[in-house]
Amino acid sequence: MRTRFVRRAALFVAVAAMTLPFAGAAGAATYVVLYKAQGVPADGGGQVRAAGGTVVASYAQIGVIIASSDDAGFSAALMKDGRIDGVSSTAGFASRLDGGAADSAESSTGDLPNSPATDADNLSPLQWDMRQIHAPEAHEITGGSPSVLVGDIDTGIDFDHPDLAPNIDVANSVNCVTGSPVAGLAAQDDNGHGTHTAGTIAAASNGVGIVGVAPNVKIAGIKSGNADGFFFPEAVICGFVWAGSHHVDVTNNSYFADPWEYNCRNDSDQRAIWKAEQRAILYAERQGVTVVAAEGNDSDDTAHPTQDRTSPDDTTPVTRDITNACVIIPVEVPGVIGVSATGSFAQGTNAGQYADHLKSFYSSFGVGVTQVAAPGGDSLFGTPPFTGVAGRVLSAWPTEVTSNCLASRRVTDPGAPGALWCYQQGTSMASPHAAGVAALIISRYGMAGGPKGKLSPNQVKAFLTQTADPQACPESLPTGYSTILGVNSHLPQACQGGPGYNSWYGNGEVDALNAVTR
């Protein structure tokens with residue numbers, strides 16, 4: 001298990017490495033069977049059975065079968081078929097909680113139903129992050145449309161949380177942990193991370209707790225992470241195919257593929273895994289899904305990787321030299337909107353010392369990888385006075401896993417007895433802010449000829465990037481910031497580019513008000 005979240009001020013809930021058991025035969029391993037064609041042949045299931053396996057799920061849309069087998073010769077037997085590109089066991093390839101030309105953003109207001117929302121819930125004064133992206137002002141125009149559905153590919157969602165229950169789409173929620181979808185209440189969050197990201201996106205404006213970026217949209221929990229916070233490839237593939245097949249408009253993805261953080265084309269097992277995941281993501285995008293993803297918390301330049309020192313994180317890390325042939329999934333898949341994290345607004349006597357919304361000390365970055373920035377919190381360099389626990393982001397949390405939120409970060413609301421909210425920081429917290437603004441964009445400009453009669457992912461990306469608040473590279477940094485080196489590169493964090501686009505902030509910090517008044 002990586003310890004960078006401990007070194008980096010407890011960015012995430014602590015998780016323990018484990019292999020997800022398949023519910024079939026004892027000792028069976030789960031495999032991704034990747035066909036060369038974007039389809040599964042009619043005899044695919046028979047092939048798997050003849051090789052000593054069982055079909056867990058078949059995704060004809062992307063040419064992938066998820067299988068289970070306890071036969072040591074299973075992979076070799078299948079690879080005799082020239083139609084198969086690769087067969088890889090997913091053991092040890094869990095995804096862990098961290099992470100074409102754009103169309104024109106010109107559009108008139110669409111025909112989706114919209115109504116304003118207020119930001120007067122009991123815990124709203126603690127939401128510095130929403131004020132930073134001008135969400136309250138945007139809500140005076142629209143709180144989003146209930147015709148827009150966000151899928152949170154995460155550890156599930158707390159169906160009973162009072163801030164989320166009014167907006168949860170139970171029918172389109174799903175548990176994908178085994179690789180085979182189980183719809184509905186099976187997507188209950190047993191970790192906490194998914195409820196936190198979902199709250200940032202769509203917590204209702206209902207008088208209690210907080211208000212999300214898009215408090216009127218619907219949200220589905222797409223549970224691809226287990227209780228220990230690990231996302232296995234079969235679950236990630238299932239989640240994206242589900243999103244693409246179930247009229248999801250936006251997905252948030254606050255995780256990245258482990259145990260090898262950088263997945264390399266010259267490794268046969270890694271290649272089969274990331275190609276299958278990439279196919280699932282591209283399928284979702286073709287179905288009109290806007291995919292938003294966290295950039296990661298290694299303080300590294302992901303556009304120029306040189307070494308991977310932290311992988312594999314399920315055993316003993318081995319330092320290896322890497323190049324741009326190695327990618328982080330999902331943030332480096334084409335079309336995905338990569339999000340870096342910022343801390344609280346610089347104000348007072350320190351305002352002129354560095355960028356207004358300084359990139360969080362832990363946030364990774366990179367030219368071409370970072371499209372936008374969003375509040376993720378910064379417990380070291382966020383500018384006081386804080387309106388929370390050391391500049392972290394407040395959101396919903398399930399009481400069933402109260403222990404996963406440190407006692408010092410727990411918040412309750414007398415107006416909602418028994419409910420819980422929690423402060424966290426990380427690019428995991430930044431990504432849902434951007435996903436929420438994407439949902440507002442689709443709500444506001446809705447009907448514009450995309451695959452589902454709504455804005456296409458490229459149009460949403462264009463709106464999001466063109467309405468972001470540009471942030472220039474800082475002229476100077478606060479004392480101590482420059483001593484924080486990249487976890488993998490061991491290099492100082494250098495910002496490259498101009499005020500319109502740079503490696504730290506991309507096109508700028510998302511701005512909800514600009515987005516809905518374009």
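Numbering of residues begins at 1 and proceeds along the displayed sequence.
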Those residues that, when tested against [X], pass ring pair (Phe, Tyr, Trp, His ring centres under 6.0 Å) (two or more places apart):
X      : answer
Tyr283 : none
His161 : Trp421
Trp274 : none

Less than 4.5 Å apart, any side-chain heavy atom of [X] and any of [Y]?
X      : Y      : value
Pro334 : Gln278 : yes
Leu358 : Leu477 : yes
Thr200 : His433 : yes
Ile141 : Leu513 : yes
Phe381 : Ile484 : yes
Pro330 : Tyr255 : yes
Ser224 : Cys176 : yes
Ile153 : Val236 : no

Would the distance check show the side chain of [X] and the main-chain N or O of [Y] forming a donor-acceptor pair, the cut-off being under 3.5 Å?
X      : Y      : answer
Arg410 : Leu420 : no
His139 : Val213 : yes
Gln127 : Val211 : yes
Trp128 : Val393 : no
Asp158 : Thr195 : no
Asn122 : Asp413 : no
Asp300 : Asn488 : yes

Between [X] and [Y], what is the shortest heavy-atom contact and its length?
X      : Y      : result
Ala203 : Pro215 : O-CB, 3.3 Å
Pro233 : Ile273 : CG-CG2, 3.8 Å
Val32  : Ala276 : CG1-CB, 3.6 Å
Pro470 : Pro499 : CB-O, 3.4 Å
Thr402 : Thr399 : OG1-O, 2.7 Å

Using distance alone, with no hydrogens and no angle criterion, decide if [X] and [Y] have a side-chain donor and acceptor under 3.5 Å apart.
X      : Y      : answer
Asp511 : Thr467 : no
His193 : Ser428 : yes
Ser364 : Asp298 : no

query = Sequence neighbours excluded, which residues qualify as salt bridge (charged side-chain N to carboxylate O under 4.0 Å, His left out) partners of Asp190?
reply =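 With sequence neighbours excluded, Asp190 shows a salt bridge (charged side-chain N to carboxylate O under 4.0 Å, His left out) to Lys223, given in chain and number order.
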Among residues at least two apart in sequence or on other chains, which ones pass side-chain hydrogen bond (donor to acceptor under 3.5 Å, both in side chains) with [X]?
X      : value
Tyr481 : Lys359
Ser205 : Thr118
Thr251 : Asn253
Ser173 : none

message = Assess the residue pair Phe365 and Thr302 against the criterion (side chain to side chain contact (heavy atoms under 4.5 Å, CB included)); give the C-alpha distance rounded to whole Å, side-chain angles, the decisive distance to 0.1 Å, and a yes or no.
response = CA-CA 6 Å; Phe365 55 93; Thr302 55; over 6 Å; no
Val250, Ile157, Val248 screened by side chain to side chain contact (heavy atoms under 4.5 Å, CB included) with Ile219, the one that passes =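 Exactly one option meets the side chain to side chain contact (heavy atoms under 4.5 Å, CB included) with Ile219, and it is Ile157.
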key: Residue that, paired with Val437, satisfies side chain to side chain contact (heavy atoms under 4.5 Å, CB included) out of Val510, Val292, Asn514, Val460   =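 That would be Val510.
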task = Could you give me the CA-CA distance, side-chain angles and deciding distance for Thr155 and Asp189, then say whether side chain to side chain donor-acceptor pair (under 3.5 Å) is met?
result = CA-CA 6 Å; Thr155 61; Asp189 186 8; 2.8 Å; yes
Audit row: Ile210, Asp121, side chain to side chain contact (heavy atoms under 4.5 Å, CB included) steps and yes/no = CA-CA 6 Å; Ile210 65 167; Asp121 286 8; 6.0 Å; no
Derivation of the side chain to side chain donor-acceptor pair (under 3.5 Å) call for Glu295 and Thr370 = CA-CA 7 Å; Glu295 188 142 357; Thr370 308; 2.7 Å; yes
request  = Could you go through the side chain to side chain contact (heavy atoms under 4.5 Å, CB included) check for Val401 and Asn191 one step at a time?
outcome  = CA-CA 6 Å; Val401 287; Asn191 175 279; 5.9 Å; no
For [X], what residues pass the side chain to side chain contact (heavy atoms under 4.5 Å, CB included) criterion, not counting sequence neighbours?
X      : result
Glu140 : none
Gln371 : Ile337, Lys461, Thr465
Thr306 : Ser489
Ala341 : Ser360, Tyr362, Ser363, Thr427, Ala430

message = For a side chain to side chain contact (heavy atoms under 4.5 Å, CB included) check, start with the C-alpha distance between Thr197 and Ser431, then their side-chain angles and the critical distance, and finish with the verdict.
response = CA-CA 8 Å; Thr197 54; Ser431 182; over 6 Å; no
